[in-house]
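The block underneath contains the structure these notes are about, expressed in structure tokens.
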2 protein chains.
Amino acid sequence: MPDSEGHPAVDEIELGAVLSALADPLRRRVVRELTAAPVGTARTCSSFALPVSKATVTYHFRTLREAGLIRQVDRGNSRAATLRRTDIDRRFPGLLALIAAETEAVEAAGTAEAG
Amino acid sequence: MPDSEGHPAVDEIELGAVLSALADPLRRRVVRELTAAPVGTARTCSSFALPVSKATVTYHFRTLREAGLIRQVDRGNSRAATLRRTDIDRRFPGLLALIAAETEAVEAAGTAEAG
DNA sequence: TCCCAGGTAAGACTTGCATCGTACCTTCCC
DNA sequence: GGGAAGGTACGATGCAAGTCTTACCTGGGA
């Protein structure tokens, strides 16, 4: 059973939920940035500057949290998100590497690749 | 550009499309069975006995095909699906192992785990 | 030739997802 | 205490995903 904040235990992390969570480019971007950051990095939701409203950001972070990809810890005023690296690596070894390796061509749509 | 049958080239296989395709449990089941089978195994759509209508099966196989996960080849009367193992392994090494490792607890919902 | 099995295509329908606006809560700082 | 910043909750909305039925095509066998 997930804890009071909605974090599933390691054994409760389901592949389906993880893949669904990672199917969204915005959520994949969050996980990618977290994966690229030093281990243990904690960032606030707003620090990712996602191009959506505050409410939508909350929604995406909840999805990531309930899938078991991130852990959100209270930090007084705000709430910092950390990657559940160890847990994910144990359940799905190699998955984070795949996400990290993605080069987001879509976001650079403004710059012509063949230019 | 995908070929006339909708198969993307290796370099066109996108992580987002692949994850979206694999987010569905039915499609994951197809890929899992194909991954577990001997290399080169070709199976017809109907041989998977998915619990949905014929038209829906076609839809799911098209999704898998357009994502680049399977290749569908004409075989006279029917159409056989093969896993694009080499292509997927090159683009996303380790991904198939994750899918193959999933134990589908959901499908065995009828049997009490703690019984 | 006729019929059946396997697939596909088009259209309709339902549900869920991503999104937003608004209202509200908490904490920090003045 | 009051205000601003960061998040959450709730309700509403628009669109895409998954599903079905029906109609149709193709190839094989009697």
Side-chain angles (χ1 to χ4, degrees), chain A residues 2-7 14 16-31 33-34 41-67 69-82 104 106-107, chain B residues 2-7 14-31 33-34 41-82 104 106-107:
Chain A
D3 67 8
S4 62
E5 289 179 354
H7 298 103
E14 286 176 28
V18 168
L19 293 177
S20 292
L22 293 176
D24 186 279
L26 250 36
R27 292 193 291 257
R28 214 155 56 236
R29 172 167 145 189
V30 169
V31 172
E33 291 192 24
L34 244 21
T41 298
R43 289 179 58 178
T44 66
C45 301
S46 59
S47 74
F48 290 90
L50 300 183
V52 289
S53 75
K54 227 168 35 156
T56 303
V57 172
T58 296
Y59 162 73
H60 282 306
F61 274 79
R62 171 150 46 106
T63 303
L64 287 170
R65 181 190 348 127
E66 292 180 352
L69 286 166
I70 64 169
R71 176 163 277 128
Q72 278 180 291
V73 294
D74 263 344
R75 213 167 59 168
N77 188 351
S78 65
R79 220 169 167 195
T82 64
E104 195 147 357
V106 178
E107 287 198 2
Chain B
D3 67 9
S4 62
E5 288 180 355
H7 299 102
E14 287 177 27
L15 184 57
V18 168
L19 293 177
S20 293
L22 292 175
D24 185 279
L26 250 36
R27 291 192 292 256
R28 213 155 56 236
R29 172 167 144 191
V30 169
V31 172
E33 293 192 23
L34 244 20
T41 297
R43 289 178 57 180
T44 66
C45 301
S46 60
S47 74
F48 291 90
L50 300 183
V52 288
S53 76
K54 230 171 30 159
T56 304
V57 171
T58 296
Y59 163 72
H60 282 307
F61 274 78
R62 172 150 47 104
T63 303
L64 287 170
R65 181 192 347 131
E66 291 180 352
L69 287 166
I70 64 171
R71 176 163 276 130
Q72 279 180 290
V73 293
D74 263 345
R75 214 168 56 170
N77 186 345
S78 66
R79 220 168 168 196
T82 64
E104 195 148 355
V106 179
E107 287 200 2

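Proteins come first, then strands; the chains are lettered A, B, ... in the order of their sequence lines, and each starts at number 1.
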* Closest approach of Ile70(A) to His7(A) (non-hydrogen atoms, all atoms of both residues) ->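 Heavy atoms only, the tightest pair is O-CD2, 3.6 Å.
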
* Asked: What does Glu5(B) touch in the nucleic acid at a heavy-atom separation under 4.0 angstrom: a base, only the sugar-phosphate, or nothing?
  ->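 No contact.
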
* Asked: Hey, does the side chain of Arg79(A) come within less than 4.0 Å of dG6(D)'s phosphate (OP1/OP2), counting only N and O?
  ->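 For Arg79(A), the contact criterion (side-chain N or O under 4.0 Å from OP1 or OP2 of dG6(D)) is not met.
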
* Asked: Counting only side-chain N and O atoms of Ser46(A), is one of them less than 4.0 Å from OP1 or OP2 of dA5(D)?
  ->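 No.
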
* Quick one: what's the B/S/- string for nucleotides 25-30 of chain C, heavy-atom cutoff under 4.0 Å, read 5' to 3'? -> --BS--

Interatomic distance, [X] [atom1] vs [N] [atom2] [rounded to whole Å]:
X        : N      : atom1 : atom2 : result
Asp74(B) : dG6(C) : CG    : C1'   : 11 Å
Arg43(B) : dG7(C) : CZ    : C1'   : 17 Å
Gln72(A) : dA9(D) : CD    : P     : 10 Å

* Asked: What pairs with Arg71(B) under salt bridge (Lys or Arg N to Asp or Glu O under 4.0 Å), at least two apart in sequence or on another chain?
  ->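 With sequence neighbours excluded, Arg71(B) shows a salt bridge (Lys or Arg N to Asp or Glu O under 4.0 Å) to no residue whatsoever.
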
* List in numerical order all residues of residues 48-66 of chain A for which some heavy atom is under 4.0 Å away from an atom belonging to DNA chain C. =>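 Val52(A), Ser53(A), Ala55(A), Thr56(A), Tyr59(A), His60(A), in order of number.
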
* **Aromatic Phe48(A) / basic Arg43(A) pairing, under 6.0 angstrom, 45° off normal** =>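 Because its charged atom sits under 6.0 Å from the ring centre and within 45° of the axis, Arg43(A) does stack over Phe48(A).
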
Donor-acceptor pair, side chain of [X] and main chain of [Y], under 3.5 angstrom:
X        : Y        : value
Arg29(B) : Asp24(B) : no
Arg65(B) : Ala81(B) : no
Thr56(B) : Val52(B) : no
Arg27(B) : Leu22(B) : no

* Is the closest side-chain donor-acceptor distance between Arg79(A) and Gln72(A) under 3.5 Å? ->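 Arg79(A) vs Gln72(A): no donor-acceptor pair found between side chains.
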
